[in-house]
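Down below is the structure, laid out as structure tokens.
Quick note on labels: first sequence line is chain A, next is B, and so on, each numbered from 1. Nothing here was measured: the structure is a model prediction, and the numbers come from that model. Every heavy atom of this structure was used, including side-chain atoms; hydrogens, water molecules and symmetry mates were not.
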Amino acid sequence: MDIKNSIITIKEPPLFSFEECIWFLDRNYDDCAHIVKQNAVWKALQLGEEQYLLKIYEKDNIINIEVLVGSVNTKSKKHIEGFITEWFDLNYDLAPFYNTLKKDKQLAYMYNDFYGLRLMGIPDLFESLCWCIIGQQINLSFAYKLKRKLVERYGTKLEYEGSSFYIFPDFKTLANASTEELKDMQFSAAKASYLISTAQAFEEGKLNKNILKTLPDVESRHNLLTSFRGIGTWTANYVLMKTIRDPNSIPHGDAGLFKSLINHNIIEDKKDTKNIKLFFERYKNMESYIVIYLWRSLAVR
DNA sequence: CACCAGGCGATTT
DNA sequence: AAATCGCATGGT
């Protein structure tokens with residue numbers, strides 16, 4: 001294959017910072033979903049039957065996607081372009097959000113400090129839900145540690161030039177895992193059971209991205225999600241934000257969100273529901289974006 | 001040592 | 001209906 005053919009390019013949208021986006025992917029944690037180094041991100045993924053390893057970097061306001069592993073043809077090229085566009089939220093117009101942000105006395109600084117940050121998504125619904133279940137109630141460092149154990153045990157490893165890249169386990173594999181195995185890996189009994197029952201819901205066809213996308217509004221999507229064990233309002237809203245890309249999802253009860261709102265003197269404490277409501281009214285239909293920027297503010301470069 | 005982490009469901013009041 | 005509890009473990 002011609003080397004040139006293995007590089008896919010996408011023109012960057014306005015109000016975009018590749019560097020800010022890929023920095024957010026890790027922000028000093030240890031996410032096994034990708035490797036960020038030298039102004040590039042390496043990402044392994046499954047597209048249909050085939051496995052891919054992508055190296056994504058920026059050059060002259062163009063996103064370059066180098067396909068290191070996997071075959072490139074018209075179909076897979078389109079698939080990869082679609083994946084990156086969705087992951088980086090390239091089709092979203094940030095201008096209305098920035099217009100509102102710049103008028104916000106406490107948060108206007110974010111326009112300069114986090115300029116061009118997009119809502120980095122989790123395109124795969126099963127992966128997204130598992131990540132939420134893992135992260136419930138524990139600190140993020142431990143959550144990433146648990147996720148890595150899960151992925152290294154049940155996922156797919158891709159070796160490339162001495163480095164290992166991992167693809168998140170598919171639901172069939174996790175549906176057949178046992179709670180005992182997961183408990184031995186430091187998952188609580190409850191989390192082990194939620195992960196397996198979620199995987200089984202996918203296997204039985206009761207839950208998938210298409211079902212959610214077909215529902216008419218965010219309330220019905222929220223209600224379907226929370227009808228499953230282990231998926232509460234926080235998880236439902238997180239997934240609607242990161243995977244379904246509803247613009248108006250707020251992960252209510254989120255510890256980081258409270259912390260950020262307190263840091264910015266927007267609320268007194270967690271029980272200050274009145275000011276939380278007032279705050280989000282300023283960001284009508286862009287709630288998901290302001291949440292991402294509030295989370296971003298918790299991380300230190 | 002206590003208390004909280006990007007919560008949730010079960011149990012008790 | 002609302003408040004409380006247990007969960008696994010790491011960090012402060």
Proximal nucleotide (of dC7(C), dG10(C), dC8(B)) relative to the Thr235(A) side chain: dC8(B)
Electrostatic pair Asp113(A)-Arg296(A), nearest N-O below 4.0 angstrom: no
Rounded distance in Å between the P positions of dC3(B) and dT4(C): 14 Å
Atom-to-atom span, CD of Gln137(A) to C1' of dG6(C) - whole angstrom: 10 Å
Length of the CG-P vector between Leu140(A) and dA8(C), whole Å: 19 Å
Distance under 6.0 Å and angle within 45° of ring axis: Lys55(A) vs Tyr57(A): yes
Residue closer to the 5' end of DNA chain C, Lys183(A) versus Tyr194(A) (nearest nucleotide): Tyr194(A)
Verdict with reasoning, Tyr293(A) to Phe97(A), per ring-ring contact (aromatic ring centres under 6.0 Å, His included): CA-CA 11 Å; Tyr293(A) 275 61; Phe97(A) 171 63; 5.1 Å; yes
Spacing between Ile231(A) atom CD1 and dG9(B) atom C1', to the nearest angstrom: 13 Å
Selected nucleotide, minimal atom distance to Trp234(A) side chain, candidates dG7(B), dG10(C), dA8(C): dG7(B)
Euclidean distance, atom CG of residue Leu150(A) to atom C1' of dA8(C) [Å, nearest integer]: 15 Å
Touch class at under 4.0 angstrom, heavy-atom based, for Leu146(A) against every strand present: nothing
Nearest to side-chain heavy atoms of Arg229(A), which nucleotide of dG10(C), dG7(B), dA10(B): dA10(B)
Touch class at under 4.0 angstrom, heavy-atom based, for Lys145(A) against every strand present: sugar-phosphate
Nucleotide dC7(C), atom C1' - distance to CG of Asn139(A) in whole Å: 14 Å
Spacing between Asp254(A) atom CG and dC4(B) atom P, to the nearest angstrom: 16 Å
5' priority, DNA chain B, between Gly230(A) and Lys259(A) [closest heavy atom]: Lys259(A)
Within 45° cone and under 6.0 Å: Lys157(A) NZ/CZ vs Tyr166(A) ring: no
Atom P, compared across dA2(B) and dC5(C): separation rounded to whole Å: 15 Å
Sugar-phosphate, base or nothing in reach of Lys270(A), heavy atoms under 4.0 Å: sugar-phosphate
Whole-Å P distance, dT11(B) and dA8(C): 15 Å
Nearest-angstrom distance from the residue atom CG of Leu225(A) to C1' of dG7(B): 15 Å
Atom pair distance, as rounded to whole Å: CD in Gln136(A) and P in dG6(C): 19 Å
Salt-bridge contact Arg245(A)-Glu86(A) (side-chain N to carboxylate O under 4.0 Å): no
